[in-house]
Protein chains: 2
Amino acid sequence: MHQEQHPAPAPTRRLSREAIIDTALAQIDRSGAQSLSMRSLAQELGVEAMSLYRYVEGKDDLLERVVEQLMGDMTSRLDADLTEHWQGFLQALANEVRRLAVEHPKAFPLVATRPPAAPWLRPPLRSVELVNTFLSTLLGFGFTDEQAVHTYRSFSSFLLGQLLLEASVRGVDPVDTPFDDADPSGDDDESTLADAPQVLRLRPLLSEDRSEAEFETALEAVLDRLARDLAQ
Amino acid sequence: MHQEQHPAPAPTRRLSREAIIDTALAQIDRSGAQSLSMRSLAQELGVEAMSLYRYVEGKDDLLERVVEQLMGDMTSRLDADLTEHWQGFLQALANEVRRLAVEHPKAFPLVATRPPAAPWLRPPLRSVELVNTFLSTLLGFGFTDEQAVHTYRSFSSFLLGQLLLEASVRGVDPVDTPFDDADPSGDDDESTLADAPQVLRLRPLLSEDRSEAEFETALEAVLDRLARDLAQ
DNA sequence: CGGGCGCTGCTTACAGTGTAAGCACATATC
DNA sequence: GATATGTGCTTACACTGTAAGCAGCGCCCG
(Lines give C-alpha, C1' and ligand atoms only; values in the text may rest on other atoms or scores of the structure.)
Protein backbone atom coordinates (compact mmCIF):
# COMPACT_ATOMS: atom_id res chain seq x y z
CA MET A 1 0.00 0.00 0.00
CA HIS A 2 2.65 2.42 0.97
CA GLN A 3 5.06 1.12 -1.58
CA GLU A 4 7.19 3.15 -3.91
CA GLN A 5 6.46 2.53 -7.53
CA HIS A 6 9.37 4.40 -9.08
CA PRO A 7 12.76 2.88 -9.60
CA ALA A 8 14.65 5.97 -8.41
CA PRO A 9 12.50 9.07 -8.36
CA ALA A 10 14.73 11.38 -6.39
CA PRO A 11 17.95 11.10 -4.43
CA THR A 12 16.73 12.00 -0.94
CA ARG A 13 13.96 14.40 -1.78
CA ARG A 14 11.48 12.24 0.02
CA LEU A 15 10.96 13.23 3.60
CA SER A 16 9.82 10.84 6.28
CA ARG A 17 9.13 10.95 9.95
CA GLU A 18 11.89 8.42 10.57
CA ALA A 19 14.48 10.42 8.66
CA ILE A 20 13.51 13.56 10.53
CA ILE A 21 13.82 11.93 13.92
CA ASP A 22 17.08 10.22 13.05
CA THR A 23 18.62 13.42 11.77
CA ALA A 24 17.38 15.30 14.80
CA LEU A 25 19.00 12.75 17.06
CA ALA A 26 22.21 12.93 15.07
CA GLN A 27 22.25 16.70 15.36
CA ILE A 28 21.61 16.52 19.10
CA ASP A 29 24.38 13.99 19.53
CA ARG A 30 26.67 16.30 17.63
CA SER A 31 25.93 19.66 19.16
CA GLY A 32 23.43 19.29 21.96
CA ALA A 33 19.70 19.67 22.18
CA GLN A 34 20.00 23.38 22.83
CA SER A 35 21.31 24.15 19.36
CA LEU A 36 18.75 22.10 17.49
CA SER A 37 16.37 24.31 15.59
CA MET A 38 13.70 23.46 13.11
CA ARG A 39 15.58 25.46 10.52
CA SER A 40 18.94 23.84 11.05
CA LEU A 41 17.33 20.42 11.06
CA ALA A 42 15.48 21.19 7.84
CA GLN A 43 18.68 22.42 6.26
CA GLU A 44 20.50 19.21 7.05
CA LEU A 45 17.62 17.38 5.40
CA GLY A 46 17.87 19.63 2.36
CA VAL A 47 14.44 21.01 2.95
CA GLU A 48 12.63 24.04 4.27
CA ALA A 49 11.70 24.32 7.93
CA MET A 50 7.96 24.32 7.50
CA SER A 51 8.06 21.06 5.61
CA LEU A 52 8.84 19.25 8.81
CA TYR A 53 5.45 20.16 10.20
CA ARG A 54 3.82 17.68 7.86
CA TYR A 55 5.42 14.89 9.85
CA VAL A 56 5.71 16.31 13.33
CA GLU A 57 3.34 18.33 15.47
CA GLY A 58 5.96 20.81 16.55
CA LYS A 59 9.29 20.96 18.25
CA ASP A 60 8.09 19.53 21.51
CA ASP A 61 6.52 16.63 19.71
CA LEU A 62 9.74 16.13 17.76
CA LEU A 63 11.80 15.94 20.93
CA GLU A 64 9.29 13.56 22.42
CA ARG A 65 9.68 11.36 19.37
CA VAL A 66 13.43 11.46 19.69
CA VAL A 67 13.12 10.27 23.27
CA GLU A 68 10.72 7.57 22.14
CA GLN A 69 13.21 6.49 19.52
CA LEU A 70 15.96 6.30 22.11
CA MET A 71 13.90 4.21 24.47
CA GLY A 72 13.08 2.33 21.32
CA ASP A 73 13.51 -1.36 21.44
CA MET A 74 14.81 -1.39 24.97
CA THR A 75 11.69 -3.18 26.07
CA SER A 76 12.18 -5.93 23.51
CA ARG A 77 15.84 -6.29 24.38
CA LEU A 78 14.83 -6.72 27.98
CA ASP A 79 12.14 -9.25 27.22
CA ALA A 80 14.73 -11.32 25.47
CA ASP A 81 17.04 -10.91 28.41
CA LEU A 82 15.14 -13.24 30.62
CA THR A 83 16.98 -13.99 33.76
CA GLU A 84 16.40 -16.25 36.68
CA HIS A 85 16.34 -13.66 39.45
CA TRP A 86 15.08 -10.12 39.70
CA GLN A 87 18.60 -8.84 40.31
CA GLY A 88 19.52 -10.03 36.85
CA PHE A 89 16.63 -8.15 35.35
CA LEU A 90 17.44 -4.92 37.14
CA GLN A 91 21.07 -5.31 36.22
CA ALA A 92 20.19 -5.78 32.56
CA LEU A 93 17.89 -2.78 32.66
CA ALA A 94 20.51 -0.64 34.36
CA ASN A 95 23.11 -1.56 31.78
CA GLU A 96 20.70 -0.91 28.98
CA VAL A 97 19.86 2.58 30.22
CA ARG A 98 23.49 3.30 30.94
CA ARG A 99 24.47 2.26 27.43
CA LEU A 100 21.96 4.81 26.20
CA ALA A 101 23.44 7.52 28.42
CA VAL A 102 26.97 6.71 27.31
CA GLU A 103 26.18 6.46 23.63
CA HIS A 104 24.10 9.63 23.60
CA PRO A 105 25.43 11.82 26.40
CA LYS A 106 24.13 15.01 24.81
CA ALA A 107 20.70 13.51 24.25
CA PHE A 108 20.34 11.84 27.62
CA PRO A 109 19.30 15.02 29.44
CA LEU A 110 16.22 14.97 27.22
CA VAL A 111 15.32 11.50 28.40
CA ALA A 112 16.08 12.50 31.96
CA THR A 113 14.56 15.91 32.34
CA ARG A 114 11.75 16.42 29.85
CA PRO A 115 8.48 16.75 31.72
CA PRO A 116 7.07 13.23 31.82
CA ALA A 117 3.85 12.54 30.00
CA ALA A 118 2.23 11.09 33.11
CA PRO A 119 3.03 11.52 36.78
CA TRP A 120 3.79 7.82 37.20
CA LEU A 121 6.35 7.85 34.42
CA ARG A 122 9.54 8.64 36.27
CA PRO A 123 12.53 9.64 34.18
CA PRO A 124 14.69 8.16 32.88
CA LEU A 125 12.21 5.30 32.36
CA ARG A 126 9.99 7.08 29.93
CA SER A 127 7.98 4.48 28.13
CA VAL A 128 4.80 2.97 29.42
CA GLU A 129 5.71 -0.39 27.94
CA LEU A 130 9.03 -0.35 29.70
CA VAL A 131 7.47 0.53 33.03
CA ASN A 132 4.91 -2.16 32.50
CA THR A 133 7.63 -4.70 31.76
CA PHE A 134 9.43 -3.51 34.87
CA LEU A 135 6.44 -3.97 37.10
CA SER A 136 5.18 -7.24 35.69
CA THR A 137 8.65 -8.76 35.72
CA LEU A 138 9.05 -7.94 39.38
CA LEU A 139 5.56 -9.12 40.18
CA GLY A 140 6.45 -12.29 38.32
CA PHE A 141 9.32 -12.77 40.71
CA GLY A 142 6.91 -12.66 43.61
CA PHE A 143 7.07 -9.01 44.55
CA THR A 144 3.99 -7.52 46.15
CA ASP A 145 2.45 -4.46 44.54
CA GLU A 146 4.03 -2.21 47.12
CA GLN A 147 7.43 -3.80 46.75
CA ALA A 148 7.33 -3.51 42.98
CA VAL A 149 6.33 0.12 43.08
CA HIS A 150 8.88 0.92 45.75
CA THR A 151 11.58 -0.77 43.69
CA TYR A 152 10.47 1.16 40.65
CA ARG A 153 10.85 4.40 42.56
CA SER A 154 14.21 3.58 44.08
CA PHE A 155 15.57 2.32 40.84
CA SER A 156 14.49 5.23 38.71
CA SER A 157 15.99 7.80 41.01
CA PHE A 158 19.16 5.77 41.23
CA LEU A 159 19.42 5.68 37.44
CA LEU A 160 18.53 9.33 37.10
CA GLY A 161 21.11 10.61 39.54
CA GLN A 162 23.90 8.36 38.45
CA LEU A 163 23.45 8.62 34.71
CA LEU A 164 22.52 12.26 34.44
CA LEU A 165 25.77 13.10 36.14
CA GLU A 166 27.75 10.67 34.05
CA ALA A 167 26.19 11.96 30.85
CA SER A 168 26.86 15.54 31.78
CA VAL A 169 30.52 14.70 32.33
CA ARG A 170 30.78 12.83 29.06
CA GLY A 171 28.68 15.41 27.28
CA VAL A 172 31.05 18.34 27.52
CA ASP A 173 32.94 18.85 24.33
CA PRO A 174 36.67 18.31 24.65
CA VAL A 175 37.13 21.87 23.47
CA ASP A 176 38.77 22.82 26.72
CA THR A 177 42.21 21.54 26.10
CA PRO A 178 43.08 21.13 29.76
CA PHE A 179 46.59 22.48 29.31
CA ASP A 180 47.93 25.60 27.72
CA ASP A 181 44.67 27.47 27.73
CA ALA A 182 46.27 30.86 27.37
CA ASP A 183 45.75 33.11 30.37
CA PRO A 184 48.37 31.41 32.51
CA SER A 185 48.15 33.75 35.47
CA GLY A 186 44.61 34.66 36.48
CA ASP A 187 43.28 31.23 35.69
CA ASP A 188 39.58 30.92 36.21
CA ASP A 189 40.01 27.90 38.43
CA GLU A 190 42.76 29.20 40.63
CA SER A 191 40.98 32.42 41.39
CA THR A 192 37.70 30.78 42.31
CA LEU A 193 39.44 28.12 44.32
CA ALA A 194 41.50 30.57 46.31
CA ASP A 195 39.42 30.08 49.44
CA ALA A 196 38.47 26.48 48.79
CA PRO A 197 41.69 24.76 49.74
CA GLN A 198 40.31 21.24 49.92
CA VAL A 199 38.71 21.47 46.52
CA LEU A 200 41.94 22.84 45.16
CA ARG A 201 44.00 20.14 46.78
CA LEU A 202 41.67 17.30 45.76
CA ARG A 203 41.08 18.61 42.29
CA PRO A 204 42.89 15.77 40.52
CA LEU A 205 41.03 13.19 42.55
CA LEU A 206 37.75 14.98 41.93
CA SER A 207 38.40 15.16 38.21
CA GLU A 208 39.03 11.46 37.80
CA ASP A 209 36.43 9.66 35.81
CA ARG A 210 35.41 6.66 37.85
CA SER A 211 31.92 6.62 36.44
CA GLU A 212 31.79 3.05 35.22
CA ALA A 213 33.17 1.53 38.39
CA GLU A 214 31.08 3.86 40.55
CA PHE A 215 28.01 2.86 38.62
CA GLU A 216 28.67 -0.81 39.14
CA THR A 217 29.24 -0.53 42.86
CA ALA A 218 26.33 1.84 43.33
CA LEU A 219 24.12 -0.57 41.43
CA GLU A 220 25.24 -3.41 43.65
CA ALA A 221 24.54 -1.28 46.69
CA VAL A 222 21.02 -0.60 45.48
CA LEU A 223 20.42 -4.26 44.76
CA ASP A 224 21.74 -5.24 48.16
CA ARG A 225 19.53 -2.71 49.79
CA LEU A 226 16.50 -3.93 47.89
CA ALA A 227 17.25 -7.53 48.79
CA ARG A 228 17.48 -6.53 52.43
CA ASP A 229 14.18 -4.65 52.21
CA LEU A 230 12.52 -7.68 50.67
CA ALA A 231 13.81 -10.12 53.23
CA GLN A 232 12.61 -8.01 56.11
CA MET B 1 30.04 53.01 50.87
CA HIS B 2 27.11 51.82 48.84
CA GLN B 3 24.72 54.08 50.68
CA GLU B 4 21.91 56.04 49.17
CA GLN B 5 22.13 59.75 49.68
CA HIS B 6 18.62 60.69 48.72
CA PRO B 7 15.73 60.54 51.18
CA ALA B 8 13.30 59.01 48.68
CA PRO B 9 14.29 59.72 45.13
CA ALA B 10 11.93 57.40 43.33
CA PRO B 11 9.43 54.71 44.29
CA THR B 12 11.13 51.71 42.71
CA ARG B 13 12.81 53.29 39.77
CA ARG B 14 16.17 52.24 41.03
CA LEU B 15 17.28 48.97 39.58
CA SER B 16 19.70 46.68 41.31
CA ARG B 17 21.28 43.35 40.68
CA GLU B 18 19.59 41.97 43.77
CA ALA B 19 16.15 43.11 42.71
CA ILE B 20 16.66 41.63 39.26
CA ILE B 21 17.73 38.27 40.59
CA ASP B 22 14.94 38.18 43.16
CA THR B 23 12.30 39.02 40.62
CA ALA B 24 13.73 36.48 38.19
CA LEU B 25 13.51 33.82 40.86
CA ALA B 26 9.98 34.85 41.71
CA GLN B 27 8.98 34.62 38.07
CA ILE B 28 10.60 31.21 37.73
CA ASP B 29 8.85 29.98 40.84
CA ARG B 30 5.60 31.21 39.40
CA SER B 31 5.77 30.00 35.84
CA GLY B 32 8.91 27.99 35.27
CA ALA B 33 12.31 28.82 33.93
CA GLN B 34 11.19 28.16 30.39
CA SER B 35 8.85 31.13 30.32
CA LEU B 36 11.28 33.62 31.79
CA SER B 37 12.35 36.16 29.22
CA MET B 38 14.42 39.27 29.57
CA ARG B 39 11.44 41.27 28.39
CA SER B 40 8.92 39.80 30.79
CA LEU B 41 11.36 40.17 33.63
CA ALA B 42 12.01 43.79 32.70
CA GLN B 43 8.30 44.45 32.51
CA GLU B 44 7.73 43.13 36.01
CA LEU B 45 10.47 45.47 37.15
CA GLY B 46 8.82 48.39 35.35
CA VAL B 47 11.76 48.79 33.07
CA GLU B 48 12.92 48.07 29.55
CA ALA B 49 14.66 44.81 28.71
CA MET B 50 18.01 46.25 27.77
CA SER B 51 18.32 47.99 31.10
CA LEU B 52 18.95 44.66 32.73
CA TYR B 53 22.18 44.27 30.84
CA ARG B 54 23.75 46.94 33.03
CA TYR B 55 23.59 44.52 35.93
CA VAL B 56 23.84 41.14 34.31
CA GLU B 57 26.05 39.78 31.55
CA GLY B 58 23.19 38.08 29.76
CA LYS B 59 20.52 35.52 30.32
CA ASP B 60 22.91 32.68 31.09
CA ASP B 61 24.68 34.82 33.62
CA LEU B 62 21.34 35.78 35.13
CA LEU B 63 20.32 32.17 35.56
CA GLU B 64 23.70 31.39 37.05
CA ARG B 65 23.14 34.18 39.56
CA VAL B 66 19.73 32.83 40.42
CA VAL B 67 21.30 29.47 41.16
CA GLU B 68 23.96 31.18 43.21
CA GLN B 69 21.27 32.98 45.15
CA LEU B 70 19.47 29.74 45.81
CA MET B 71 22.58 28.02 47.07
CA GLY B 72 23.03 31.25 48.94
CA ASP B 73 23.73 30.98 52.60
CA MET B 74 23.44 27.23 52.64
CA THR B 75 27.11 27.01 53.45
CA SER B 76 26.75 29.30 56.42
CA ARG B 77 23.69 27.47 57.66
CA LEU B 78 25.69 24.28 57.52
CA ASP B 79 28.68 25.72 59.29
CA ALA B 80 26.42 26.66 62.15
CA ASP B 81 24.94 23.21 62.08
CA LEU B 82 27.94 21.57 63.62
CA THR B 83 27.23 18.03 64.59
CA GLU B 84 29.15 15.36 66.32
CA HIS B 85 29.21 12.76 63.59
CA TRP B 86 29.43 12.92 59.84
CA GLN B 87 25.99 11.37 59.49
CA GLY B 88 24.56 14.44 61.14
CA PHE B 89 26.32 16.70 58.71
CA LEU B 90 25.14 14.78 55.67
CA GLN B 91 21.65 14.68 57.06
CA ALA B 92 21.64 18.42 57.60
CA LEU B 93 22.97 18.99 54.10
CA ALA B 94 20.39 16.66 52.60
CA ASN B 95 17.57 18.40 54.38
CA GLU B 96 18.89 21.77 53.35
CA VAL B 97 19.02 20.84 49.69
CA ARG B 98 15.66 19.16 49.88
CA ARG B 99 14.13 22.25 51.43
CA LEU B 100 15.41 24.15 48.44
CA ALA B 101 13.87 21.64 46.04
CA VAL B 102 10.54 21.71 47.84
CA GLU B 103 10.36 25.48 48.18
CA HIS B 104 11.40 26.11 44.59
CA PRO B 105 10.31 23.08 42.61
CA LYS B 106 10.23 24.99 39.35
CA ALA B 107 13.66 26.47 39.94
CA PHE B 108 15.34 23.33 41.15
CA PRO B 109 15.91 21.89 37.66
CA LEU B 110 18.18 24.87 37.10
CA VAL B 111 20.28 23.95 40.09
CA ALA B 112 20.25 20.35 39.03
CA THR B 113 20.80 20.44 35.31
CA ARG B 114 22.61 23.62 34.31
CA PRO B 115 26.03 22.73 32.96
CA PRO B 116 28.32 22.98 35.97
CA ALA B 117 31.02 25.59 35.94
CA ALA B 118 33.72 23.04 36.64
CA PRO B 119 33.83 19.29 36.12
CA TRP B 120 34.26 18.62 39.83
CA LEU B 121 31.15 20.58 40.72
CA ARG B 122 28.46 17.95 40.64
CA PRO B 123 24.87 19.13 40.65
CA PRO B 124 22.96 19.77 42.74
CA LEU B 125 25.90 20.93 44.88
CA ARG B 126 26.84 23.88 42.79
CA SER B 127 28.95 26.14 44.92
CA VAL B 128 32.66 25.76 45.44
CA GLU B 129 32.35 26.89 49.02
CA LEU B 130 29.73 24.30 49.71
CA VAL B 131 31.79 21.53 48.16
CA ASN B 132 34.77 22.72 50.13
CA THR B 133 32.76 22.66 53.34
CA PHE B 134 31.58 19.18 52.41
CA LEU B 135 35.06 17.86 51.87
CA SER B 136 36.75 19.52 54.80
CA THR B 137 33.98 18.52 57.18
CA LEU B 138 34.34 14.90 56.17
CA LEU B 139 38.11 15.09 56.34
CA GLY B 140 37.67 16.59 59.76
CA PHE B 141 35.77 13.49 60.77
CA GLY B 142 38.73 11.37 59.80
CA PHE B 143 37.82 10.47 56.24
CA THR B 144 40.66 9.80 53.86
CA ASP B 145 40.81 11.80 50.66
CA GLU B 146 39.42 8.89 48.69
CA GLN B 147 36.61 8.31 51.15
CA ALA B 148 35.64 11.97 51.16
CA VAL B 149 35.58 12.18 47.38
CA HIS B 150 33.70 8.92 47.08
CA THR B 151 31.15 10.15 49.58
CA TYR B 152 30.84 13.40 47.69
CA ARG B 153 30.08 11.50 44.52
CA SER B 154 27.60 9.11 46.06
CA PHE B 155 25.84 11.83 47.89
CA SER B 156 25.48 14.20 45.00
CA SER B 157 23.99 11.60 42.72
CA PHE B 158 21.66 10.51 45.49
CA LEU B 159 20.45 14.07 45.96
CA LEU B 160 20.19 14.68 42.27
CA GLY B 161 18.09 11.64 41.50
CA GLN B 162 15.85 11.90 44.48
CA LEU B 163 15.21 15.62 44.43
CA LEU B 164 15.00 16.17 40.72
CA LEU B 165 12.19 13.66 40.62
CA GLU B 166 10.50 15.10 43.65
CA ALA B 167 10.75 18.61 42.27
CA SER B 168 9.37 17.56 38.91
CA VAL B 169 6.38 16.02 40.65
CA ARG B 170 5.80 19.09 42.78
CA GLY B 171 6.55 21.39 39.91
CA VAL B 172 3.59 20.55 37.69
CA ASP B 173 0.86 23.10 37.94
CA PRO B 174 -2.40 21.76 39.29
CA VAL B 175 -4.03 22.85 36.05
CA ASP B 176 -4.95 19.33 35.17
CA THR B 177 -8.09 18.93 37.15
CA PRO B 178 -7.87 15.17 37.40
CA PHE B 179 -11.60 14.69 36.90
CA ASP B 180 -14.01 15.76 34.24
CA ASP B 181 -11.42 16.69 31.67
CA ALA B 182 -13.83 16.63 28.76
CA ASP B 183 -13.14 13.86 26.28
CA PRO B 184 -14.67 11.12 28.41
CA SER B 185 -14.21 8.29 25.93
CA GLY B 186 -10.79 8.23 24.31
CA ASP B 187 -9.02 9.37 27.43
CA ASP B 188 -5.35 9.92 26.88
CA ASP B 189 -4.42 7.69 29.78
CA GLU B 190 -6.73 4.81 29.08
CA SER B 191 -5.76 4.59 25.45
CA THR B 192 -2.04 4.60 26.14
CA LEU B 193 -2.42 2.20 28.99
CA ALA B 194 -4.47 -0.27 27.01
CA ASP B 195 -1.60 -2.71 26.67
CA ALA B 196 0.10 -1.86 29.96
CA PRO B 197 -2.17 -3.67 32.37
CA GLN B 198 0.12 -3.50 35.37
CA VAL B 199 0.66 0.21 35.03
CA LEU B 200 -3.07 0.64 34.65
CA ARG B 201 -3.80 -1.50 37.66
CA LEU B 202 -1.14 0.08 39.86
CA ARG B 203 -1.86 3.59 38.76
CA PRO B 204 -3.23 4.77 42.10
CA LEU B 205 -0.26 3.29 43.92
CA LEU B 206 2.13 4.82 41.41
CA SER B 207 0.50 8.22 41.73
CA GLU B 208 0.83 8.39 45.49
CA ASP B 209 3.21 10.98 46.73
CA ARG B 210 5.51 9.28 49.17
CA SER B 211 8.39 11.59 48.41
CA GLU B 212 9.17 12.76 51.93
CA ALA B 213 9.15 9.31 53.47
CA GLU B 214 11.01 7.83 50.52
CA PHE B 215 13.60 10.53 50.83
CA GLU B 216 14.15 9.81 54.50
CA THR B 217 14.52 6.08 54.06
CA ALA B 218 16.69 6.45 50.96
CA LEU B 219 18.88 8.86 52.87
CA GLU B 220 19.22 6.40 55.72
CA ALA B 221 20.08 3.69 53.22
CA VAL B 222 22.83 5.83 51.73
CA LEU B 223 24.20 6.65 55.16
CA ASP B 224 24.16 3.00 56.17
CA ARG B 225 25.93 2.06 53.01
CA LEU B 226 28.57 4.71 53.56
CA ALA B 227 29.09 3.61 57.13
CA ARG B 228 29.56 0.04 55.94
CA ASP B 229 32.04 1.19 53.29
CA LEU B 230 34.01 3.10 55.88
CA ALA B 231 34.14 0.25 58.37
CA GLN B 232 35.44 -2.18 55.82
C1' DC C 1 28.33 78.19 39.87
C1' DG C 2 29.18 76.05 35.46
C1' DG C 3 30.94 72.46 32.91
C1' DG C 4 32.03 68.19 32.16
C1' DC C 5 31.54 63.19 33.47
C1' DG C 6 29.62 58.96 34.60
C1' DC C 7 25.83 56.28 35.43
C1' DT C 8 21.19 54.82 34.41
C1' DG C 9 17.61 53.50 31.62
C1' DC C 10 15.67 53.93 26.85
C1' DT C 11 15.52 53.44 21.88
C1' DT C 12 16.42 51.25 17.86
C1' DA C 13 17.94 47.44 15.38
C1' DC C 14 19.15 42.78 13.93
C1' DA C 15 19.51 37.94 13.63
C1' DG C 16 17.40 33.99 15.25
C1' DT C 17 13.42 31.21 17.06
C1' DG C 18 8.74 28.40 16.56
C1' DT C 19 4.86 28.12 13.77
C1' DA C 20 0.11 29.59 11.33
C1' DA C 21 -1.79 30.06 6.57
C1' DG C 22 -1.91 29.51 1.98
C1' DC C 23 0.28 28.42 -2.59
C1' DA C 24 2.52 25.47 -6.42
C1' DC C 25 3.60 21.57 -8.24
C1' DA C 26 4.19 16.51 -8.72
C1' DT C 27 1.96 12.47 -8.26
C1' DA C 28 -1.97 9.01 -8.29
C1' DT C 29 -6.66 8.05 -9.63
C1' DC C 30 -10.67 8.00 -12.49
C1' DG D 1 -6.98 14.46 -19.97
C1' DA D 2 -9.28 16.15 -15.69
C1' DT D 3 -9.17 16.01 -10.95
C1' DA D 4 -7.96 15.08 -6.27
C1' DT D 5 -4.24 14.48 -2.98
C1' DG D 6 -0.38 15.08 -0.82
C1' DT D 7 4.26 17.22 -0.41
C1' DG D 8 7.28 20.94 0.04
C1' DC D 9 7.78 26.03 -0.37
C1' DT D 10 6.73 30.89 0.53
C1' DT D 11 5.41 34.41 3.28
C1' DA D 12 4.29 36.27 7.58
C1' DC D 13 4.01 37.12 12.56
C1' DA D 14 5.05 37.18 17.28
C1' DC D 15 8.66 36.44 20.10
C1' DT D 16 13.44 35.62 21.70
C1' DG D 17 18.43 37.42 23.20
C1' DT D 18 21.37 41.14 22.66
C1' DA D 19 24.71 44.80 20.19
C1' DA D 20 25.08 49.92 19.72
C1' DG D 21 24.24 54.28 20.72
C1' DC D 22 21.50 58.05 22.94
C1' DA D 23 19.03 61.26 26.62
C1' DG D 24 18.90 62.81 30.97
C1' DC D 25 20.05 62.96 35.60
C1' DG D 26 23.20 63.53 39.69
C1' DC D 27 27.94 64.13 41.06
C1' DC D 28 32.33 66.11 41.52
C1' DC D 29 35.80 69.41 40.49
C1' DG D 30 37.47 73.56 38.97
Side-chain angles (χ1 to χ4, degrees), chain A residues 1-25 27-28 30-67 106 109-110 114-115, chain B residues 1-25 27-28 30-67 106 109-110 114-115:
Chain A
M1 206 189 268
H2 292 254
Q3 277 194 3
E4 280 293 326
Q5 305 197 12
H6 306 289
T12 322
R13 277 288 157 188
R14 208 108 204 116
L15 225 41
S16 85
R17 195 189 180 88
E18 271 248 332
I20 290 177
I21 294 172
D22 286 353
T23 312
L25 176 55
Q27 201 161 118
I28 291 174
R30 212 178 318 124
S31 30
Q34 188 63 40
S35 72
L36 171 72
S37 82
M38 299 304 266
R39 287 177 164 87
S40 69
L41 175 55
Q43 189 176 25
E44 182 164 342
L45 286 160
V47 121
E48 222 58 32
M50 287 311 293
S51 308
L52 304 177
Y53 285 78
R54 297 264 171 209
Y55 300 87
V56 150
E57 302 263 341
K59 195 184 187 183
D60 276 356
D61 180 48
L62 170 62
L63 292 179
E64 215 57 45
R65 297 314 169 173
V66 169
V67 169
K106 297 243 187 66
L110 282 186
R114 287 225 109 217
Chain B
M1 206 189 272
H2 293 254
Q3 277 194 2
E4 280 293 324
Q5 307 197 10
H6 305 289
T12 322
R13 277 288 157 189
R14 207 108 204 117
L15 224 41
S16 84
R17 194 190 180 88
E18 270 247 331
I20 291 177
I21 294 172
D22 287 353
T23 312
L25 177 55
Q27 200 162 119
I28 291 174
R30 210 177 319 122
S31 31
Q34 187 63 40
S35 72
L36 170 73
S37 82
M38 298 305 268
R39 286 176 163 89
S40 69
L41 174 56
Q43 189 176 26
E44 183 164 341
L45 285 161
V47 120
E48 222 57 32
M50 287 310 293
S51 308
L52 305 177
Y53 285 78
R54 296 264 172 213
Y55 300 86
V56 151
E57 302 265 341
K59 195 184 187 185
D60 276 356
D61 180 49
L62 170 62
L63 292 179
E64 215 57 45
R65 298 313 169 172
V66 169
V67 169
K106 297 241 186 66
L110 282 186
R114 283 225 111 219

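This one's a predicted model, so the numbers in the text were calculated from it and none came from an experiment. Quick note on labels: first sequence line is chain A, next is B, and so on, each numbered from 1.
Nucleotide D:dG8 holds its C1' atom 11 Å from the CD1 atom of A:Ile20, rounded to whole Å. Across the protein-nucleic acid pair, A:Glu48 atom CD and C:dG22 atom C1' stand 16 Å apart, rounded to whole Å. Here the P atom of nucleotide C:dT17 and the CD atom of A:Gln34 are 11 Å apart, to the nearest Å. Rounded to whole angstrom, the span from the CG atom of A:Leu62 across to the C1' atom of C:dT17 amounts to 14 Å. Taking atom CD of residue B:Gln43 and atom P of nucleotide D:dA14, one finds them 16 Å apart after rounding to whole Å. Atom-to-atom, CG of A:Leu52 to P of D:dG8 comes out at 10 Å; the value is rounded to the nearest Å.
Counting non-hydrogen atoms of neighbouring residues, nucleotides and ligands closer than 6.0 angstrom, the CD atom of A:Glu18 reaches no more than 12 such neighbours. Counting non-hydrogen atoms of other residues, nucleotides and ligands closer than 6.0 Å to CD of A:Gln43 gives a total of 12 or fewer.
Heavy-atom distances to DNA chain D give each of B:Ala49 and B:Arg54 a nearest nucleotide, and the one nearer the 5′ end belongs to B:Ala49. Toward the 5′ end of DNA chain C lies the nearest nucleotide of A:Ser35, the other residue of the pair A:Glu57 and A:Ser35 mapping further downstream.
When the nucleotides D:dC9, D:dG17, D:dA19 are ranked by their closest atom to the side chain of B:Lys59, D:dG17 comes out on top. When distances run from any side-chain atom of A:Leu15 to the nucleotides D:dT18, D:dG8, C:dC10, the shortest one goes to D:dG8. Comparing D:dG8, C:dT19, D:dC9 by their closest approach to the side chain of A:Tyr55 singles out D:dG8. In this structure, the nucleotide among D:dG8, D:dA19, D:dT11 sitting nearest to the side chain of A:Val47 is D:dG8.
For C:dC10, the OP1/OP2 oxygens have a side-chain nitrogen or oxygen of B:Ser51 closer than 4.0 Å. Not one side-chain nitrogen or oxygen of A:Tyr53 sits closer than 4.0 Å to the OP1 or OP2 atom of C:dG18.
The NZ atom of A:Lys59 lies 13.5 Å from the CD atom of A:Glu64; values are rounded to the nearest 0.5 Å. Rounding to the nearest 0.5 angstrom, the gap separating the CD1 atom in B:Ile21 from the CG atom in B:Leu41 is 10.0 Å.
Contact annotation: side chain of A:Arg39 to base of C:dG18, donor-acceptor pair present below 3.5 Å.
Heavy atoms of B:Leu36 sit under 4.0 angstrom from primed sugar atoms or phosphate atoms, though from no base atom.
Between the side chain of B:Lys106 and the backbone N or O of B:Ser31 there is no donor-acceptor pair closer than 3.5 Å.
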